[in-house]
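Okay, structure first, notes after.
Proteins get letters first, then strands, A, B, ... in listed order; numbering begins at 1 in each.
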Amino acid sequence: MNTYEVIALLFLFILFAPLLGLTAVRLRRGWRPVLRPISAFRTLPGQVGRSAETGQTLHVALGSGGLGGSEAAASLAALSALRAFAEEGAATETPPLVTVGEATLLPVAQGVIQRAYRHQGAPASFKMTQVQLVAPGALPYAAGTMHLLKRGQISANVMLGTFGLEAAFITRGGAEAGLEQVAGTGRLEGLSVFYTSADDLLIGEELFAVGAYLRQRIADIASLVTQDLIRFLLVLVILAAVLVKTLLG
Amino acid sequence: MRFPRLPWLVIFTSAFGLVTLLGYLSIPVFQQIQWVLVQWVVIIAAFALILGFFNVLQVHLERVARQESGWFYSLVLVLTAITVLIFGLGGGPGDEPFLWFFRWVLLPLGASIAALLVFILTYAAYRTLRLRRQTGGLIFLLSAIVILVGRIALVGPAGPLVTWFRDRWLAAAIGGMRGLILGVALGTIATGLRLLLGAERVQSE
(Lines give C-alpha, C1' and ligand atoms only; values in the text may rest on other atoms or scores of the structure.)
Protein backbone atom coordinates (compact mmCIF):
# COMPACT_ATOMS: atom_id res chain seq x y z
CA MET A 1 0.00 0.00 0.00
CA ASN A 2 1.25 3.49 -0.76
CA THR A 3 1.10 6.39 1.74
CA TYR A 4 -2.14 7.87 0.30
CA GLU A 5 -3.93 4.52 0.57
CA VAL A 6 -2.76 4.08 4.18
CA ILE A 7 -3.91 7.61 5.09
CA ALA A 8 -7.30 7.05 3.39
CA LEU A 9 -7.69 3.74 5.22
CA LEU A 10 -6.77 5.24 8.59
CA PHE A 11 -9.14 8.18 7.96
CA LEU A 12 -11.99 5.73 7.30
CA PHE A 13 -11.06 3.76 10.42
CA ILE A 14 -11.02 6.95 12.51
CA LEU A 15 -14.40 7.95 11.05
CA PHE A 16 -15.79 4.45 11.52
CA ALA A 17 -14.79 3.76 15.13
CA PRO A 18 -16.70 6.56 16.95
CA LEU A 19 -19.75 6.18 14.70
CA LEU A 20 -19.78 2.44 15.43
CA GLY A 21 -19.52 3.13 19.16
CA LEU A 22 -22.32 5.73 19.10
CA THR A 23 -24.63 3.45 17.10
CA ALA A 24 -23.93 0.54 19.47
CA VAL A 25 -24.81 2.74 22.47
CA ARG A 26 -28.08 3.83 20.81
CA LEU A 27 -28.92 0.19 20.06
CA ARG A 28 -28.23 -0.84 23.66
CA ARG A 29 -30.68 1.89 24.77
CA GLY A 30 -33.41 0.23 22.76
CA TRP A 31 -33.25 1.81 19.31
CA ARG A 32 -34.14 -0.72 16.61
CA PRO A 33 -33.47 0.36 13.03
CA VAL A 34 -35.59 -1.16 10.27
CA LEU A 35 -33.35 -3.32 8.09
CA ARG A 36 -34.36 -3.27 4.44
CA PRO A 37 -35.84 -6.57 3.23
CA ILE A 38 -33.36 -8.73 1.31
CA SER A 39 -34.85 -11.75 -0.37
CA ALA A 40 -31.92 -14.07 0.45
CA PHE A 41 -32.23 -13.32 4.16
CA ARG A 42 -35.84 -14.48 4.05
CA THR A 43 -34.71 -17.78 2.51
CA LEU A 44 -31.55 -18.49 4.54
CA PRO A 45 -32.93 -18.79 8.12
CA GLY A 46 -35.26 -21.67 7.25
CA GLN A 47 -32.66 -23.80 5.48
CA VAL A 48 -31.47 -25.81 8.49
CA GLY A 49 -35.06 -26.45 9.57
CA ARG A 50 -35.94 -27.73 6.10
CA SER A 51 -32.91 -30.04 6.10
CA ALA A 52 -34.07 -31.41 9.48
CA GLU A 53 -37.55 -32.06 8.06
CA THR A 54 -36.24 -33.89 5.01
CA GLY A 55 -33.50 -35.79 6.85
CA GLN A 56 -30.93 -34.38 4.47
CA THR A 57 -27.96 -32.09 4.96
CA LEU A 58 -27.54 -28.42 4.17
CA HIS A 59 -24.40 -27.79 2.15
CA VAL A 60 -22.47 -24.62 2.97
CA ALA A 61 -19.62 -23.70 0.60
CA LEU A 62 -17.18 -21.19 2.10
CA GLY A 63 -15.26 -20.59 -1.13
CA SER A 64 -11.60 -20.49 -1.91
CA GLY A 65 -10.59 -17.31 -0.07
CA GLY A 66 -8.46 -17.81 3.00
CA LEU A 67 -8.04 -15.88 6.22
CA GLY A 68 -4.65 -14.38 5.44
CA GLY A 69 -5.21 -12.31 2.30
CA SER A 70 -7.44 -9.63 0.84
CA GLU A 71 -10.41 -12.04 0.81
CA ALA A 72 -10.28 -12.54 4.60
CA ALA A 73 -13.25 -10.23 5.30
CA ALA A 74 -15.55 -12.18 2.95
CA SER A 75 -14.42 -15.43 4.58
CA LEU A 76 -15.12 -14.01 8.05
CA ALA A 77 -18.60 -12.93 6.96
CA ALA A 78 -19.21 -16.44 5.61
CA LEU A 79 -17.99 -17.95 8.89
CA SER A 80 -20.39 -15.68 10.78
CA ALA A 81 -23.25 -17.17 8.74
CA LEU A 82 -21.88 -20.67 9.32
CA ARG A 83 -22.03 -20.04 13.06
CA ALA A 84 -25.75 -19.33 12.81
CA PHE A 85 -26.34 -22.49 10.71
CA ALA A 86 -24.16 -24.60 13.02
CA GLU A 87 -25.98 -23.50 16.19
CA GLU A 88 -29.37 -24.28 14.66
CA GLY A 89 -28.03 -27.49 13.11
CA ALA A 90 -26.56 -28.77 16.37
CA ALA A 91 -29.87 -28.09 18.12
CA THR A 92 -31.82 -30.09 15.52
CA GLU A 93 -29.05 -32.70 15.05
CA THR A 94 -28.70 -31.80 11.37
CA PRO A 95 -25.39 -29.96 11.17
CA PRO A 96 -24.43 -28.55 7.78
CA LEU A 97 -21.86 -30.16 5.52
CA VAL A 98 -19.21 -27.53 4.97
CA THR A 99 -16.73 -27.43 2.09
CA VAL A 100 -13.72 -25.15 1.84
CA GLY A 101 -11.22 -24.48 -0.92
CA GLU A 102 -8.46 -23.03 1.23
CA ALA A 103 -6.59 -24.75 4.03
CA THR A 104 -6.69 -21.91 6.60
CA LEU A 105 -10.50 -21.98 6.57
CA LEU A 106 -10.59 -25.66 7.54
CA PRO A 107 -9.61 -25.52 11.25
CA VAL A 108 -11.65 -22.36 11.84
CA ALA A 109 -14.80 -23.83 10.26
CA GLN A 110 -14.27 -27.06 12.23
CA GLY A 111 -13.97 -24.96 15.39
CA VAL A 112 -17.26 -23.20 14.63
CA ILE A 113 -19.15 -26.51 14.26
CA GLN A 114 -17.43 -28.06 17.27
CA ARG A 115 -18.37 -25.11 19.51
CA ALA A 116 -21.99 -25.29 18.35
CA TYR A 117 -22.12 -28.93 19.49
CA ARG A 118 -20.45 -28.07 22.80
CA HIS A 119 -23.10 -25.39 23.43
CA GLN A 120 -25.76 -28.04 22.89
CA GLY A 121 -24.00 -30.33 25.39
CA ALA A 122 -23.17 -32.93 22.75
CA PRO A 123 -19.46 -32.46 21.93
CA ALA A 124 -19.09 -36.17 21.05
CA SER A 125 -21.46 -35.77 18.08
CA PHE A 126 -18.96 -33.61 16.20
CA LYS A 127 -17.12 -35.26 13.31
CA MET A 128 -14.03 -33.72 11.74
CA THR A 129 -15.27 -34.70 8.27
CA GLN A 130 -18.31 -32.43 8.58
CA VAL A 131 -15.93 -29.82 7.20
CA GLN A 132 -14.09 -30.93 4.08
CA LEU A 133 -11.20 -29.37 2.24
CA VAL A 134 -12.30 -30.46 -1.24
CA ALA A 135 -9.12 -29.18 -2.87
CA PRO A 136 -6.82 -26.21 -2.39
CA GLY A 137 -7.38 -23.79 -5.28
CA ALA A 138 -10.48 -22.29 -6.84
CA LEU A 139 -10.99 -24.51 -9.93
CA PRO A 140 -10.35 -27.95 -8.37
CA TYR A 141 -12.46 -26.92 -5.38
CA ALA A 142 -15.38 -25.97 -7.60
CA ALA A 143 -15.10 -29.12 -9.72
CA GLY A 144 -14.95 -31.35 -6.63
CA THR A 145 -17.88 -29.61 -4.94
CA MET A 146 -19.99 -29.99 -8.10
CA HIS A 147 -19.69 -33.79 -7.82
CA LEU A 148 -20.35 -33.72 -4.10
CA LEU A 149 -23.68 -31.94 -4.70
CA LYS A 150 -24.72 -34.44 -7.36
CA ARG A 151 -24.19 -37.42 -5.05
CA GLY A 152 -27.44 -36.66 -3.19
CA GLN A 153 -28.50 -36.34 0.47
CA ILE A 154 -28.20 -32.53 0.21
CA SER A 155 -31.25 -30.37 0.95
CA ALA A 156 -29.98 -26.99 -0.31
CA ASN A 157 -26.80 -25.30 -1.41
CA VAL A 158 -25.57 -22.13 0.30
CA MET A 159 -22.45 -20.45 -1.09
CA LEU A 160 -20.96 -17.58 0.88
CA GLY A 161 -17.41 -16.23 0.72
CA THR A 162 -14.94 -15.81 -2.11
CA PHE A 163 -16.06 -17.15 -5.47
CA GLY A 164 -15.01 -16.32 -9.01
CA LEU A 165 -16.14 -17.60 -12.40
CA GLU A 166 -15.40 -21.18 -11.27
CA ALA A 167 -18.54 -20.98 -9.08
CA ALA A 168 -20.46 -21.90 -12.25
CA PHE A 169 -19.36 -25.52 -11.69
CA ILE A 170 -20.88 -25.58 -8.19
CA THR A 171 -24.15 -23.96 -9.24
CA ARG A 172 -24.33 -26.35 -12.20
CA GLY A 173 -23.98 -29.30 -9.80
CA GLY A 174 -26.67 -27.79 -7.59
CA ALA A 175 -29.01 -27.23 -10.55
CA GLU A 176 -28.55 -30.82 -11.75
CA ALA A 177 -29.41 -32.08 -8.27
CA GLY A 178 -32.47 -29.78 -8.23
CA LEU A 179 -31.29 -27.88 -5.14
CA GLU A 180 -32.38 -24.45 -3.99
CA GLN A 181 -29.26 -22.27 -4.19
CA VAL A 182 -28.46 -19.13 -2.21
CA ALA A 183 -25.18 -17.38 -2.91
CA GLY A 184 -23.24 -14.30 -1.91
CA THR A 185 -19.82 -12.94 -2.71
CA GLY A 186 -17.97 -9.66 -2.98
CA ARG A 187 -16.19 -10.53 -6.22
CA LEU A 188 -17.72 -9.22 -9.44
CA GLU A 189 -16.89 -12.34 -11.49
CA GLY A 190 -18.59 -14.53 -8.90
CA LEU A 191 -21.62 -12.21 -8.77
CA SER A 192 -22.11 -12.40 -12.52
CA VAL A 193 -22.14 -16.20 -12.31
CA PHE A 194 -24.48 -16.26 -9.32
CA TYR A 195 -26.88 -13.85 -11.01
CA THR A 196 -27.34 -16.34 -13.80
CA SER A 197 -27.52 -19.48 -11.71
CA ALA A 198 -28.53 -18.94 -8.06
CA ASP A 199 -32.13 -18.66 -6.84
CA ASP A 200 -31.31 -15.98 -4.29
CA LEU A 201 -28.37 -13.64 -4.25
CA LEU A 202 -26.44 -11.49 -1.77
CA ILE A 203 -24.88 -8.73 -3.85
CA GLY A 204 -21.53 -7.29 -2.78
CA GLU A 205 -21.80 -5.60 0.59
CA GLU A 206 -24.96 -7.56 1.47
CA LEU A 207 -22.60 -10.44 2.27
CA PHE A 208 -21.21 -8.39 5.14
CA ALA A 209 -24.70 -7.88 6.53
CA VAL A 210 -25.09 -11.60 7.22
CA GLY A 211 -24.42 -11.22 10.96
CA ALA A 212 -26.95 -8.39 11.37
CA TYR A 213 -29.74 -10.31 9.64
CA LEU A 214 -29.05 -13.89 10.77
CA ARG A 215 -27.68 -13.46 14.27
CA GLN A 216 -29.06 -9.96 15.05
CA ARG A 217 -26.26 -9.10 17.48
CA ILE A 218 -25.87 -5.44 18.46
CA ALA A 219 -22.27 -5.29 17.14
CA ASP A 220 -23.37 -6.55 13.72
CA ILE A 221 -26.38 -4.21 13.44
CA ALA A 222 -24.28 -1.25 14.62
CA SER A 223 -21.65 -2.10 12.02
CA LEU A 224 -24.27 -2.29 9.26
CA VAL A 225 -25.86 1.04 10.23
CA THR A 226 -22.40 2.68 10.35
CA GLN A 227 -21.54 1.26 6.93
CA ASP A 228 -24.70 2.80 5.49
CA LEU A 229 -24.01 6.18 7.13
CA ILE A 230 -20.49 6.30 5.69
CA ARG A 231 -21.81 5.21 2.31
CA PHE A 232 -24.17 8.20 2.31
CA LEU A 233 -21.28 10.48 3.26
CA LEU A 234 -19.11 9.06 0.47
CA VAL A 235 -21.92 9.50 -2.07
CA LEU A 236 -22.27 13.14 -1.00
CA VAL A 237 -18.51 13.65 -1.32
CA ILE A 238 -18.51 12.08 -4.81
CA LEU A 239 -21.47 14.24 -5.91
CA ALA A 240 -19.81 17.38 -4.53
CA ALA A 241 -16.56 16.51 -6.32
CA VAL A 242 -18.40 15.95 -9.62
CA LEU A 243 -20.25 19.28 -9.24
CA VAL A 244 -17.07 21.19 -8.42
CA LYS A 245 -15.22 19.58 -11.33
CA THR A 246 -18.11 20.28 -13.75
CA LEU A 247 -18.71 23.88 -12.67
CA LEU A 248 -15.09 24.95 -12.23
CA GLY A 249 -13.64 22.81 -15.00
CA MET B 1 0.21 -19.97 38.88
CA ARG B 2 -3.24 -19.51 37.37
CA PHE B 3 -3.90 -16.90 34.71
CA PRO B 4 -7.10 -14.87 35.15
CA ARG B 5 -9.92 -15.96 32.81
CA LEU B 6 -9.70 -13.34 30.08
CA PRO B 7 -10.68 -13.61 26.42
CA TRP B 8 -7.03 -14.15 25.47
CA LEU B 9 -7.76 -15.06 21.86
CA VAL B 10 -9.69 -11.84 21.33
CA ILE B 11 -6.97 -9.78 23.03
CA PHE B 12 -4.23 -11.39 20.90
CA THR B 13 -6.27 -10.98 17.70
CA SER B 14 -6.91 -7.29 18.39
CA ALA B 15 -3.30 -6.58 19.40
CA PHE B 16 -1.78 -8.37 16.40
CA GLY B 17 -4.29 -6.72 14.05
CA LEU B 18 -3.48 -3.26 15.38
CA VAL B 19 0.29 -3.79 15.19
CA THR B 20 0.00 -5.10 11.60
CA LEU B 21 -2.05 -2.04 10.64
CA LEU B 22 0.44 0.34 12.26
CA GLY B 23 3.21 -1.41 10.31
CA TYR B 24 1.88 0.28 7.15
CA LEU B 25 2.76 3.69 8.61
CA SER B 26 6.48 3.26 7.87
CA ILE B 27 7.43 3.24 11.57
CA PRO B 28 10.46 0.89 11.75
CA VAL B 29 9.49 -0.87 15.02
CA PHE B 30 5.98 -1.71 13.81
CA GLN B 31 7.29 -2.70 10.38
CA GLN B 32 9.67 -5.21 11.98
CA ILE B 33 6.90 -6.69 14.14
CA GLN B 34 4.61 -6.78 11.09
CA TRP B 35 7.26 -8.71 9.14
CA VAL B 36 7.65 -11.27 11.96
CA LEU B 37 3.86 -11.69 12.21
CA VAL B 38 3.57 -12.24 8.46
CA GLN B 39 6.26 -14.97 8.71
CA TRP B 40 4.21 -16.62 11.47
CA VAL B 41 1.11 -16.51 9.25
CA VAL B 42 3.02 -18.32 6.49
CA ILE B 43 4.13 -21.05 8.94
CA ILE B 44 0.62 -21.46 10.37
CA ALA B 45 -0.84 -21.61 6.84
CA ALA B 46 1.64 -24.41 6.03
CA PHE B 47 0.42 -26.36 9.07
CA ALA B 48 -3.17 -25.76 7.95
CA LEU B 49 -2.25 -27.30 4.60
CA ILE B 50 -0.90 -30.43 6.34
CA LEU B 51 -4.14 -30.60 8.32
CA GLY B 52 -6.02 -30.25 5.03
CA PHE B 53 -4.04 -33.11 3.48
CA PHE B 54 -5.09 -35.44 6.30
CA ASN B 55 -8.66 -34.18 6.05
CA VAL B 56 -8.75 -35.10 2.34
CA LEU B 57 -7.32 -38.57 3.13
CA GLN B 58 -9.82 -39.13 5.96
CA VAL B 59 -12.85 -38.10 3.86
CA HIS B 60 -11.89 -40.27 0.90
CA LEU B 61 -10.74 -43.30 2.92
CA GLU B 62 -14.13 -43.26 4.70
CA ARG B 63 -15.80 -43.17 1.30
CA VAL B 64 -13.76 -46.14 0.12
CA ALA B 65 -14.41 -48.08 3.34
CA ARG B 66 -18.19 -47.51 3.01
CA GLN B 67 -18.11 -48.29 -0.73
CA GLU B 68 -20.12 -45.13 -1.44
CA SER B 69 -20.91 -44.19 -5.03
CA GLY B 70 -17.73 -43.06 -6.76
CA TRP B 71 -15.54 -44.84 -4.19
CA PHE B 72 -13.14 -45.92 -6.94
CA TYR B 73 -12.31 -42.26 -7.72
CA SER B 74 -11.66 -41.70 -4.02
CA LEU B 75 -9.26 -44.65 -4.05
CA VAL B 76 -7.42 -43.17 -7.07
CA LEU B 77 -7.23 -39.82 -5.25
CA VAL B 78 -5.78 -41.40 -2.08
CA LEU B 79 -3.22 -43.45 -4.00
CA THR B 80 -2.18 -40.44 -6.11
CA ALA B 81 -1.87 -38.21 -3.02
CA ILE B 82 0.34 -40.76 -1.26
CA THR B 83 2.49 -41.34 -4.38
CA VAL B 84 3.08 -37.60 -4.87
CA LEU B 85 3.85 -37.22 -1.15
CA ILE B 86 6.46 -40.01 -1.34
CA PHE B 87 8.11 -38.38 -4.38
CA GLY B 88 7.99 -34.96 -2.69
CA LEU B 89 9.50 -36.19 0.57
CA GLY B 90 12.08 -38.30 -1.25
CA GLY B 91 13.47 -35.77 -3.72
CA GLY B 92 12.20 -32.39 -2.50
CA PRO B 93 9.99 -29.88 -4.32
CA GLY B 94 12.48 -29.36 -7.18
CA ASP B 95 12.88 -33.06 -7.95
CA GLU B 96 12.14 -34.00 -11.59
CA PRO B 97 9.77 -36.98 -10.95
CA PHE B 98 7.85 -34.79 -8.48
CA LEU B 99 7.60 -31.95 -11.00
CA TRP B 100 6.48 -34.47 -13.64
CA PHE B 101 3.15 -34.85 -11.82
CA PHE B 102 2.58 -31.10 -11.86
CA ARG B 103 3.66 -30.64 -15.49
CA TRP B 104 1.89 -33.59 -17.10
CA VAL B 105 -0.99 -34.38 -14.76
CA LEU B 106 -2.06 -31.39 -12.67
CA LEU B 107 -1.59 -28.61 -15.26
CA PRO B 108 -3.40 -30.39 -18.17
CA LEU B 109 -6.23 -31.38 -15.83
CA GLY B 110 -6.56 -27.79 -14.59
CA ALA B 111 -6.57 -26.47 -18.16
CA SER B 112 -9.25 -29.00 -19.17
CA ILE B 113 -11.50 -27.95 -16.29
CA ALA B 114 -10.97 -24.27 -17.18
CA ALA B 115 -11.93 -25.01 -20.80
CA LEU B 116 -15.19 -26.60 -19.63
CA LEU B 117 -16.09 -23.35 -17.88
CA VAL B 118 -17.07 -21.72 -21.19
CA PHE B 119 -19.83 -24.27 -21.81
CA ILE B 120 -21.04 -24.15 -18.21
CA LEU B 121 -21.27 -20.34 -18.31
CA THR B 122 -23.12 -20.40 -21.65
CA TYR B 123 -25.62 -22.86 -20.21
CA ALA B 124 -26.01 -20.67 -17.10
CA ALA B 125 -26.78 -17.65 -19.31
CA TYR B 126 -29.36 -19.67 -21.25
CA ARG B 127 -30.93 -20.83 -17.98
CA THR B 128 -31.18 -17.22 -16.80
CA LEU B 129 -33.16 -16.24 -19.88
CA ARG B 130 -35.54 -19.13 -19.23
CA LEU B 131 -35.98 -18.52 -15.49
CA ARG B 132 -35.69 -14.76 -15.03
CA ARG B 133 -38.21 -13.35 -17.47
CA GLN B 134 -38.23 -10.02 -15.68
CA THR B 135 -36.55 -6.64 -16.08
CA GLY B 136 -33.24 -8.07 -14.82
CA GLY B 137 -33.30 -10.85 -17.41
CA LEU B 138 -34.10 -8.33 -20.17
CA ILE B 139 -31.18 -6.06 -19.15
CA PHE B 140 -28.92 -9.13 -19.01
CA LEU B 141 -29.96 -10.11 -22.57
CA LEU B 142 -29.54 -6.53 -23.85
CA SER B 143 -26.08 -6.25 -22.26
CA ALA B 144 -24.96 -9.51 -23.83
CA ILE B 145 -26.21 -8.39 -27.28
CA VAL B 146 -24.68 -4.89 -27.01
CA ILE B 147 -21.28 -6.22 -25.91
CA LEU B 148 -21.19 -9.07 -28.45
CA VAL B 149 -22.34 -6.90 -31.38
CA GLY B 150 -20.04 -4.10 -30.18
CA ARG B 151 -17.05 -6.40 -30.56
CA ILE B 152 -17.77 -7.11 -34.23
CA ALA B 153 -15.61 -5.11 -36.63
CA LEU B 154 -18.53 -3.48 -38.47
CA VAL B 155 -17.85 -1.54 -41.63
CA GLY B 156 -19.91 1.37 -43.00
CA PRO B 157 -21.88 4.03 -41.10
CA ALA B 158 -23.21 1.59 -38.47
CA GLY B 159 -19.72 0.88 -37.11
CA PRO B 160 -19.02 4.11 -35.15
CA LEU B 161 -22.64 4.26 -33.95
CA VAL B 162 -22.47 0.73 -32.51
CA THR B 163 -19.09 1.45 -30.89
CA TRP B 164 -20.46 4.68 -29.38
CA PHE B 165 -23.48 2.86 -27.98
CA ARG B 166 -21.30 0.03 -26.60
CA ASP B 167 -18.99 2.51 -24.85
CA ARG B 168 -21.94 4.32 -23.23
CA TRP B 169 -23.36 0.97 -22.09
CA LEU B 170 -19.97 -0.05 -20.68
CA ALA B 171 -19.66 3.28 -18.85
CA ALA B 172 -22.99 2.62 -17.10
CA ALA B 173 -21.83 -0.90 -16.21
CA ILE B 174 -18.51 0.37 -14.84
CA GLY B 175 -20.41 2.90 -12.69
CA GLY B 176 -22.45 0.07 -11.18
CA MET B 177 -19.32 -2.04 -10.67
CA ARG B 178 -17.57 0.78 -8.84
CA GLY B 179 -20.61 1.20 -6.58
CA LEU B 180 -20.41 -2.49 -5.73
CA ILE B 181 -16.67 -2.31 -5.07
CA LEU B 182 -17.20 0.70 -2.79
CA GLY B 183 -19.79 -1.22 -0.78
CA VAL B 184 -17.50 -4.25 -0.49
CA ALA B 185 -14.61 -2.02 0.63
CA LEU B 186 -16.80 -0.50 3.37
CA GLY B 187 -17.92 -3.96 4.44
CA THR B 188 -14.28 -5.08 4.59
CA ILE B 189 -13.32 -2.08 6.73
CA ALA B 190 -16.28 -2.70 9.05
CA THR B 191 -15.28 -6.35 9.46
CA GLY B 192 -11.66 -5.37 10.14
CA LEU B 193 -12.74 -2.85 12.73
CA ARG B 194 -15.07 -5.35 14.43
CA LEU B 195 -12.13 -7.76 14.59
CA LEU B 196 -9.85 -5.10 16.11
CA LEU B 197 -12.48 -4.14 18.67
CA GLY B 198 -13.09 -7.77 19.59
CA ALA B 199 -16.71 -7.71 18.38
CA GLU B 200 -16.07 -10.32 15.67
CA ARG B 201 -15.18 -13.57 17.46
CA VAL B 202 -15.11 -16.30 14.88
CA GLN B 203 -12.20 -17.98 16.64
CA SER B 204 -13.61 -18.09 20.18
CA GLU B 205 -16.81 -18.59 22.23
Quiz item: Which atoms of A:Thr104 come close to chain B, meaning under 4.5 Å heavy atom to heavy atom: side chain ones, backbone ones, both, or neither?
Solution: both

Self-check item: Contact class of A:Gln110 relative to chain B, heavy atoms under 4.5 angstrom
Solution: side chain

Quiz prompt | Spacing of CD1 belonging to A:Ile238 relative to CZ belonging to B:Arg178, to within rounding of 0.5 Å | solution = 10.0 Å

Self-check item: Proximal component of B:Leu182, with respect to chain A [non-hydrogen, under 4.5 Å]
Solution: side chain

Self-check item: For the student: nearest non-hydrogen atoms of A:Leu133 and B:Gly52, plus distance
Solution: CD2-CA, 3.5 Å

Quiz item: Measuring from A:Ser192:OG to B:Leu121:CG, what's the distance to the nearest 0.5 Å?
Solution: 7.5 Å

Quiz item: Roughly how far, to the nearest 0.5 Å, is CG of A:Leu191 from CE of B:Met177?
Solution: 10.5 Å

Quiz item: For B:Ile50, is it the side chain, the backbone, both, or neither that has a heavy atom closer than 4.5 Å to a heavy atom of chain A?
Solution: neither

Practice problem: Give a yes or no on whether the backbone of A:Val131 and the side-chain of B:Asn55 come within a donor-acceptor separation of less than 3.5 Å. | Solution: yes

Quiz item: Non-hydrogen atoms of chain B under 4.5 Å away: do they reach the side chain of A:Ala17, the backbone, both or neither?
Solution: both

Quiz item: Where do B:Leu51 and A:Pro107 come nearest, in terms of heavy atoms and distance?
Solution: CD2-CB, 3.8 Å

Self-check item: Partner chain B: residue of A:Arg187, A:Arg231, A:Gln132 with the largest heavy-atom pair count (under 4.5 Å)
Solution: A:Gln132

Quiz item: What part of A:Leu19 gets closer than 4.5 Å to chain B, counting heavy atoms only: side chain, backbone, both or neither?
Solution: neither

Quiz item: Where does B:Tyr73 contact chain A at under 4.5 Å (heavy atoms): side chain, backbone, both or neither?
Solution: neither

Quiz item: Side chain, backbone, both or neither: which part of A:Leu106 has an atom under 4.5 Å from a heavy atom of chain B?
Solution: side chain

Quiz prompt | A:Phe16 versus B:Ile189, closest heavy-atom pair with distance | solution = CD1-CG2, 3.8 Å

Quiz item: Checking side-chain contact (heavy atoms from CB on, under 4.5 Å) for the pair A:Arg151/B:Arg63: CA distance, chi angles, key distance, verdict?
Solution: CA-CA 12 Å; A:Arg151 280 214 316 271; B:Arg63 207 170 283 163; 3.0 Å; yes

Self-check item: Contact winner vs chain A - B:Thr191, B:Val41, B:Leu106, B:Leu193, heavy-atom pairs under 4.5 Å
Solution: B:Leu193

Quiz item: Is any side-chain heavy atom of A:Thr196 closer than 4.5 Å to a side-chain heavy atom of B:Tyr126?
Solution: no

Practice problem: Give the minimum heavy-atom separation between B:Ala114 and A:Leu139, together with the two atoms involved. | Solution: CB-CD1, 3.7 Å

Quiz item: If every non-hydrogen atom of A:Ser223 is compared with every non-hydrogen atom of B:Arg194, which pair is closest and at what distance?
Solution: OG-NH1, 2.6 Å

Practice problem: Identify which part of A:Leu67 has an atom lying under 4.5 Å from any heavy atom of chain B, answering side chain, backbone, both or neither. | Solution: neither

Practice problem: Considering only heavy atoms and a distance below 4.5 Å, find which of A:Leu207, A:Leu224, A:Asp220, A:Leu82 pairs most often with chain B. | Solution: A:Asp220

Practice problem: Can you tell which part of B:Ile181 gets under 4.5 Å to a heavy atom of chain A, answering side chain, backbone, both or neither? | Solution: side chain

Self-check item: Among B:Leu117, B:Leu109, B:Val38, B:Leu49, residue most engaged with chain A (heavy-atom pairs, under 4.5 Å)
Solution: B:Leu117

Quiz item: Of all heavy-atom pairs between B:Thr188 and A:Ala73, which one has the smallest distance, and what is that distance?
Solution: CG2-CB, 3.6 Å

Exercise. Using the side-chain contact (heavy atoms from CB on, under 4.5 Å) rule, take A:Glu205 and B:Leu186 through it: C-alpha gap first, then chi angles, then the decisive distance, then the call.
Key: CA-CA 8 Å; A:Glu205 74 264 29; B:Leu186 283 175; over 6 Å; no

